[in-house]
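See below for the structure under consideration.
Hydrogens, waters and symmetry mates are skipped; everything else that's a heavy atom, side chains included, is used.
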Protein chains: 2
Amino acid sequence: MRKMKEPAFKRAEPDARRQSLIEACARVLGRVGTAGASVRAIAQEAGVSPGLVNHYFDGVDALVAATYAHVDGMVTGALDAAVGEAGPDARDRLDAFVTASFAPGIADRQLLATWVAFWGLVTARPDIARQHDEQYAGFRERLEGLLAGCGVPASELRRAAIAVTALVDGLWLELCLSPGCFAVEEASGIARRFLDTIVPPRPA
Amino acid sequence: MRKMKEPAFKRAEPDARRQSLIEACARVLGRVGTAGASVRAIAQEAGVSPGLVNHYFDGVDALVAATYAHVDGMVTGALDAAVGEAGPDARDRLDAFVTASFAPGIADRQLLATWVAFWGLVTARPDIARQHDEQYAGFRERLEGLLAGCGVPASELRRAAIAVTALVDGLWLELCLSPGCFAVEEASGIARRFLDTIVPPRPA
DNA sequence: CAGCTTGTTGAACGAACGTACAACAAAAGG
DNA sequence: CCTTTTGTTGTACGTTCGTTCAACAAGCTG
């Protein structure tokens, strides 16, 4: 029987390889936390050699930033999908948005690890702080659209979006950090009740 | 002129030394972030030799955990002081509590750095997760007391405390991460308005 | 099949890390 | 003043880190 010489490695398109490194980074962050997310650990998780990380990213920080952007995009996609499935009613769409924020896979400790790693860079790196500003503004803008659809007056739109974002983020954070403290249903119940206080009642 | 031989170092009581190391750790975390908070950097900040850190703490993680506990105690003290200065009215005291959460020195990026470093340990270390559970429960309990004083019924106390904590934490977090996005006054305004919706109106 | 392009490897390097420990000296007691 | 105690030092060790780069091979081209 002839021994087939297997290829030592497979080539990949730059974008695909970048993607696989990002996903490996997210997995490592979720498993061992910020401290253990070294170039070597991430490369091993992705099944490639350590040198490849520096070939695609300027150091671990840049990879973490890219991972944050990617995970943020995934979350945004999941929330948009939930809004899309909610039907035409504006309030139903808003409720779907906040409820999906606490769904399993979103309110997840492993996901939080990516956020925490990113926040850890904000303190010392102005460019990372700017990236956070932009993505946070994007999230708020999305929420402003949903709130406007529910009849929140334009003059209060900004304040309402900041408030809802803060409440959802705070609930999400504690849900990730202390999953046993309160249930997902409690979180979405609290958020919905809060929405009742800032959204005009729907016409009966 | 006789040259005085200055002492090469000064001894300190164990508690005082521990305290100075904790404060040095907080300063280093605030300046260079989680990644740069090494044993050597913290020891240099405290003006002592590197070996002393391991003499008082079982590694950097334990020091970070102790720093978190210390900073949490300082914040609690500041909030309690604000409540104490607020006078006898229950609602005034509650307002003082949440307003003080956004005061300069509390909503501070350097303070956030300690929190982020601590959160980074929660993912991988169950004992750290338990410590977070306890301190978070303590914060919530304190808030439940203030809410009860305002006439929030006992059956809703738990839910209300979770909600207020989440909103305050969410506002505090974004205030630290993106100080330019909205003002401190906006944050406390949002929080007070939220309190109006869960606290029974005071008797006129 | 030969040649070229380039994604990928893996070792090598210096720097920084956590840890341990023997030597030292400051403070206290006699 | 001498002895004891112990907080503190500073070095040394082994490990792990990020980074670099010459060599290699996979896959395309002709």
Side-chain angles (χ1 to χ4, degrees), chain A residues 3-25 28-29 31-67 117-118 120-121 124-125 127-128, chain B residues 3-25 28-29 31-67 117-118 120-121 124-125 127-128:
Chain A
K3 174 111 58 92
M4 289 285 182
K5 192 165 85 177
E6 298 216 353
F9 58 92
K10 271 201 304 186
R11 294 197 163 191
E13 289 187 17
D15 285 347
R17 185 66 80 185
R18 232 182 289 265
Q19 198 69 10
S20 86
L21 285 172
I22 285 173
E23 291 166 3
C25 179
V28 171
L29 282 173
R31 191 191 323 128
V32 296
T34 312
S38 65
V39 168
R40 283 173 166 82
I42 295 168
Q44 184 177 355
E45 174 73 28
V48 298
S49 88
L52 206 60
V53 173
N54 279 290
H55 185 258
Y56 282 107
F57 298 93
D58 292 340
V60 189
D61 291 2
L63 176 51
V64 169
T67 303
F118 183 79
L121 299 176
R125 305 229 344 213
D127 54 328
I128 300 283
Chain B
K3 171 120 47 106
M4 290 286 185
K5 194 165 85 177
E6 296 217 355
F9 59 90
K10 269 200 307 185
R11 293 196 164 191
E13 289 187 16
D15 285 348
R17 184 67 80 186
R18 232 183 289 266
Q19 198 68 13
S20 87
L21 284 171
I22 285 174
E23 290 166 4
C25 179
V28 171
L29 282 173
R31 193 192 324 127
V32 296
T34 312
S38 66
V39 168
R40 283 174 167 80
I42 295 168
Q44 185 177 354
E45 174 72 28
V48 298
S49 87
L52 208 58
V53 173
N54 278 289
H55 186 260
Y56 282 108
F57 297 94
D58 292 340
V60 189
D61 291 1
L63 177 52
V64 169
T67 303
F118 183 80
L121 299 176
R125 304 233 341 216
D127 55 328
I128 300 283

CD of B:Glu13 to CD of B:Gln19: how many Å apart, nearest 0.5 Å?
12.0 Å
Whole angstrom value for the distance that separates C1' of D:dT16 from CD1 of A:Ile42:
14 Å
Distance, rounded to the nearest Å, where A:Gln44 contributes CD and D:dC17 contributes C1':
15 Å
Just how far, in rounded Å, is P of C:dG7 from CZ of A:Arg11?
7 Å
Would you say D:dG7 has OP1 or OP2 under 4.0 Å from some side-chain N or O of B:Tyr56?
no
Hits for side chain to side chain contact (heavy atoms under 4.5 Å, CB included) against A:Arg11, two or more places apart or cross-chain, chain-then-number order -> A:Phe9
May I have the distance from B:Glu13 (atom CD) to C:dA27 (atom P), rounded to whole angstrom?
13 Å
With a cut-off of 6.0 Å (strictly less than), are more than 12 heavy atoms of other residues, nucleotides or ligands near CD of A:Gln44?
no
In B/S/- notation (B base, S sugar-phosphate only, - none; protein heavy atoms under 4.0 Å), nucleotides 9-23 of chain C written 5' to 3' is BB-B----BBB----
With sequence neighbours excluded, tell me which residues meet side chain to side chain contact (heavy atoms under 4.5 Å, CB included) with B:Ala41.
B:Val28, B:Ser38
With the side chain counted from C-beta on, respond yes when B:Phe57 and B:Ile22 share a heavy-atom pair under 4.5 Å apart, and no when they do not.
yes
Could you tell me whether B:Phe57 contacts a base, only the sugar-phosphate backbone, or nothing, with contacts defined as non-hydrogen atoms closer than 4.0 Å?
nothing
Are B:Arg31 and B:Glu45 packed together at the side-chain level, in the sense that at least one heavy-atom pair is separated by less than 4.5 angstrom?
yes
